[in-house]
Amino acid sequence: MAAAPPFPVVANYGRVLGFAYQVVGDVALASRVAEKVVLRLGSVSTEVRFWRTLIKILQAQVAQGMVVDLATASGEEAALQHALHQLTADERMLLLLRYHEHLDLVTLAAVLRRPEREVRIAINEARRKLLRRRQEG
Amino acid sequence: MRCAELGVLLGDYADGVADERARRIVDRHIQLCTSCRQELLLSFQIAQQLRRMPLLPETVAVRLPRMERQIQGRLLARARTRRRRPLLVLGVVLLLVVEVGLLWLVLYPFFYGG
């Protein structure tokens with residue numbers, strides 16, 4: 001089995017910060033999460049381990065109730081971000097990983113440690129929920 | 001196939017991961033069903049919007065280079081501390097060895113006479 005290619009952690013700090021911000025809704029909280037990820041992984045990791053670590057830390061934050069309402073976005077993203085924040089943190093993470101971070105289903109299943117079929121169904125349900133919230137306005 | 005049964009197939013189609021059989025089923029269905037066709041179109045649109053959506057507010061995005069430098073600095077500082085740690089441990093061990101040696105020298109006459 002081929003070794004996973006190295007994934008530069010510090011170079012992806014912005015991605016971590018942005019992703020964390022969309023989940024926890026606050027820049028200071030997101031910064032703390034991003035810092036924890038970088039200090040835990042060091043400068044290089046693998047892609048799967050990178051996302052697993054980030055998700056684990058975010059889930060711990062969410063479990064402690066450290067999520068705030070996202071500050072009102074402006075522009076055309078406002079409605080989408082508002083709808084996104086009406087989903088659960090896990091649903092938000094799933095959709096962001098699939099669409100914003102372009103993780104394919106195989107990688108996503110490996111990151112989440114779930115069968116691919118379950119991940120497909122979960123993405124489908126999260127997307128339909130987002131559509132409904134978006135249409136409700 | 002009825003709309004309720006289409007479920008995951010429609011999602012796979014929207015994501016571009018549907019196999020040929022699923023694509024044929026969905027293609028046939030959306031020719032006749034406006035609501036599923038609409039849902040598919042909205043799914044495409046929402047996926048596009050999620051792909052393009054900036055994750056950070058602009059006020060934070062402009063500070064990103066400085067934040068990256070700061071985190072890089074912290075990582076380097078931690079690496080330096082970790083490199084010094086084995087030397088510190090070695091120093092403590094040597095000190096203990098020297099102290100035990102001196103103690104033995106002092107106490108030797110009491111235990112072995114002479």
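Naming convention: chains lettered A, B, ... in sequence-line order (proteins, then strands); numbering from 1 in each chain. This one's a predicted model, so the numbers in the text were calculated from it and none came from an experiment.
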Okay, A:Ser43 and chain B: the region with an atom under 4.5 Å from a heavy atom over there is both

State whether A:Arg98 and B:Asp15 are salt-bridged, where the test is any N-O pair (Lys NZ or Arg NE/NH1/NH2 against Asp/Glu carboxylate O) under 4.0 Å.
yes

Is it the side chain or the backbone of A:Val38 that comes within 4.5 Å of chain B heavy atoms, both, or neither?
both

Given the options A:Leu95, A:Leu17, A:Val27, which has more heavy-atom pairs under 4.5 Å with chain B than any of the others?
A:Leu17

Within this structure, what is the CD-CE distance for the pair A:Gln22 and B:Met53, rounded to the nearest 0.5 Å?
4.0 Å

Between B:Val8 and A:Leu131, is there shared hydrophobic-cluster membership here, with clusters defined by ILVMFWY side-chain heavy atoms closer than 4.5 Å?
no

By a 4.5 Å heavy-atom criterion (distance strictly below it), what part of A:Glu101 contacts chain B: side chain, backbone, both, or neither?
side chain

Is B:Leu55 close to A:Leu96 at the side-chain level, that is, under 4.5 Å between some pair of heavy atoms?
yes

Is the side chain of A:His100 donor-acceptor paired with the backbone N or O of B:Arg52 at a distance under 3.5 Å, no angle test?
no

Using heavy-atom distances under 4.5 Å, tell me whether B:Arg78 contacts chain A through its side chain, its backbone, both, or neither.
side chain

Quick one: are B:Leu42 and A:Gln135 in side-chain contact, heavy atoms under 4.5 Å?
yes

Which atom pair, heavy atoms only, marks the closest approach of A:Tyr13 to B:Glu68?
CD2-CG, 3.7 Å

Output for pair (B:Gln70 CD, A:Ser31 OG), nearest 0.5 Å, gives 9.0 Å

Between B:Pro54 and A:Gln81, what is the shortest heavy-atom contact and its length?
O-NE2, 3.4 Å

Please check if B:Leu76 and B:Ile71 belong to a single hydrophobic cluster, counting links between Ile, Leu, Val, Met, Phe, Trp and Tyr side chain heavy atoms closer than 4.5 Å.
no

Can you name the nearest heavy-atom pair linking A:Gly14 to B:Leu56, along with the distance?
O-CD1, 4.3 Å

Would you confirm whether A:Arg127, through its side chain, and B:Ser43, through its main-chain N or O, come within 3.5 Å as a donor-acceptor pair?
no

Cluster overlap A:Val37 with A:Val44, hydrophobic side-chain contacts below 4.5 Å:
no

Quick check on B:Glu39 against chain A: is it the side chain, the backbone, both or neither that has a heavy atom closer than 4.5 Å?
both

Looking only at B:Asp12, B:Leu64, B:Val17, most heavy-atom pairs under 4.5 Å shared with chain A are made by B:Asp12

Verify the cluster assignment for B:Leu9 and B:Phe44: are they in a single hydrophobic cluster under the rule of side-chain heavy atoms below 4.5 Å apart?
yes

Same apolar cluster: A:Leu105 and A:Ile121, side chain cutoff 4.5 Å
no

Heavy-atom cut-off 4.5 Å, strictly under: side chain, backbone, both or neither for B:Val60 against chain A?
side chain

Comparing B:Arg74, B:Arg51, B:Gln48 against chain A, the one with the most heavy-atom pairs below 4.5 Å turns out to be B:Arg51

Can you see which heavy atom on A:Leu80 is nearest to which on B:Leu50, and at what distance?
CD2-N, 4.0 Å

